[in-house]
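A quick write-up on the structure given underneath.
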Protein chains: 2
Amino acid sequence: MILPSEDAGVGQSTYETLRTDIIFGRLAPASKLKLDDLRDTYGASVSTIREALNRLTTEELVLAEGQRGFFVAPMTAKDLVEIADLRILLECHALTLSFANGDTEWEGRIVSAHHKLHRMEQRMAANDVSVRESWKQYDWEFHQALISACDSASLLSLHGSVFDKYLRYQMRSLTFRGDKAAREHREMLDAAMDRDSERAKTILRSHIEGGVRHCLNNPNVLPNR
Amino acid sequence: MILPSEDAGVGQSTYETLRTDIIFGRLAPASKLKLDDLRDTYGASVSTIREALNRLTTEELVLAEGQRGFFVAPMTAKDLVEIADLRILLECHALTLSFANGDTEWEGRIVSAHHKLHRMEQRMAANDVSVRESWKQYDWEFHQALISACDSASLLSLHGSVFDKYLRYQMRSLTFRGDKAAREHREMLDAAMDRDSERAKTILRSHIEGGVRHCLNNPNVLPNR
DNA sequence: TGTGACGCAATAATCGATTATACGCAAGCG
DNA sequence: CGCTTGCGTATAATCGATTATTGCGTCACA
């Protein structure tokens, strides 16, 4: 997900930049995406911009309304709950498969990812807000590592897409919920080493549901109404 | 899904036509999609074609390889199994939600969809192969009706996308498996009327797994190797 | 003063042309 | 004789221009 890759063409990098700009909230939910403006901002022709927007439309990060142009997908409480529900469904399923399948390499990936995530959590706890985005990046890498042995490219891809939509809501909650979340990450690490997928799933569910509650209670997250 | 809508612009209808052409096998798996050829075939400019292909790339019905163009997504046994697994996961979950939520309108949609599907199944059983595509259309409508009360647009959208990828494999099995499938449809209808989601899920799982076995045993479905 | 038709400005959709990249073949060199 | 390097063609990527649509503001008329 997330990281724009260097070498790619204009089209690919425009797509990636637009995507992260939506996920990280630099493009406001429900705002109009005017092609001419975007061309100036992103330094690509309208055709290229349209290509990127069309791809984002399929992912439902952008809405295309008839002949009336493109809009950033709005953010609503209902959508958040739906997305979280899907993330739980997909990630729990992947967890089961992955725990049954994982080898020592897999364990190594998890330990490594957790270590890096933990470092970021420490910096976040020390109010070093500059690492917000990389913290979320490492959060993704950890969750990704846990399910990386599920042996289903389709499942991983679908999960990645849902995760990013969930992330868009997370990114708007400016307050740090790290204490509880960090403990849950630690517990999932332990459960993974024990290959106890039921325990991991229980923790994951409450991990995500906690994140949802945190967002719903946070007035920054849902601007409308 | 499926049906190309009339009124839309060139871009939308090109996208829909390309999509159904891939799903229904009119464009061979793994074949190269040359832009100039497609422009002639579909009567739209390269930019418009590219727009459509980019959208299909996001859905993983088309693969975009670096600067080397577009390819129809290949079909493999592993992909079929993964997609079927996802369909079971998503559709079972949606079934649970829908059965808990559905009102009388919902029941009406199911009864109606089943009736139309049943008619098609009869014609298929009588070797009227001309209705193959509409039969699959009604199959989709029935499954869609069952989960239509799940009250999650995101889940329905994700399910639709996975269903269509599954359908691509189904469309290649030229032999009719309708007898068993028709019975399962009937049983799901009954389970829906009884609001017995556990029963419906059991049937659905074996319904889909039966379809997968049928495809895996059918040499028409997986051309490679 | 309200309403509807008209036209203008803004913006989207679509296109064809231009530039860049990749691939195959052939010629030169080891 | 095989490998590499350079050239030409085929194809993709990107762009700017052209056409179509929409939405708003204004003016005429009831």
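So that the names make sense, note that chain A is the first sequence line, chain B the second, and so on, each numbered from 1.
Listed by chain and number, the residues in a ring-ring contact (aromatic ring centres under 6.0 Å, His included) with A:Phe99 are A:Trp106 (sequence neighbours excluded).
Using modelled atom types, one finds no donor on one side chain facing an acceptor on the other under 3.5 Å when comparing A:Glu133 with A:Gln137.
The main-chain N or O of B:Ala149 is found under 3.5 Å from a side-chain atom of B:Asn101 such that the two form a donor-acceptor pair. With A:Glu82 contributing its side chain and B:Ala153 its backbone, the two residues share a donor-acceptor pair below 3.5 Å.
End-to-end axis angle of the helix from C:dT1-D:dA30 to C:dG30-D:dC1, using five pairs per end and rounding to 10°, comes to 10°.
Aromatic rings of A:His93 and B:His93 (six-membered ring for Trp) have centroids beyond the 6.0 Å cut-off, not under it.
The aromatic rings of B:Phe163 and B:His159 sit tilted relative to each other, their planes meeting at an angle between 30° and 60°.
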### Query
How does protein contact run along nucleotides 9-20 of chain C, one letter per nucleotide 5' to 3', with B for base contact, S for sugar-phosphate only, - for none, heavy atoms under 4.0 Å?
--SSBBBB----
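Ion pairing of B:Lys32 with B:Asp37 is absent here, as no side-chain N (NZ or NE/NH1/NH2) approaches a carboxylate O to less than 4.0 Å.
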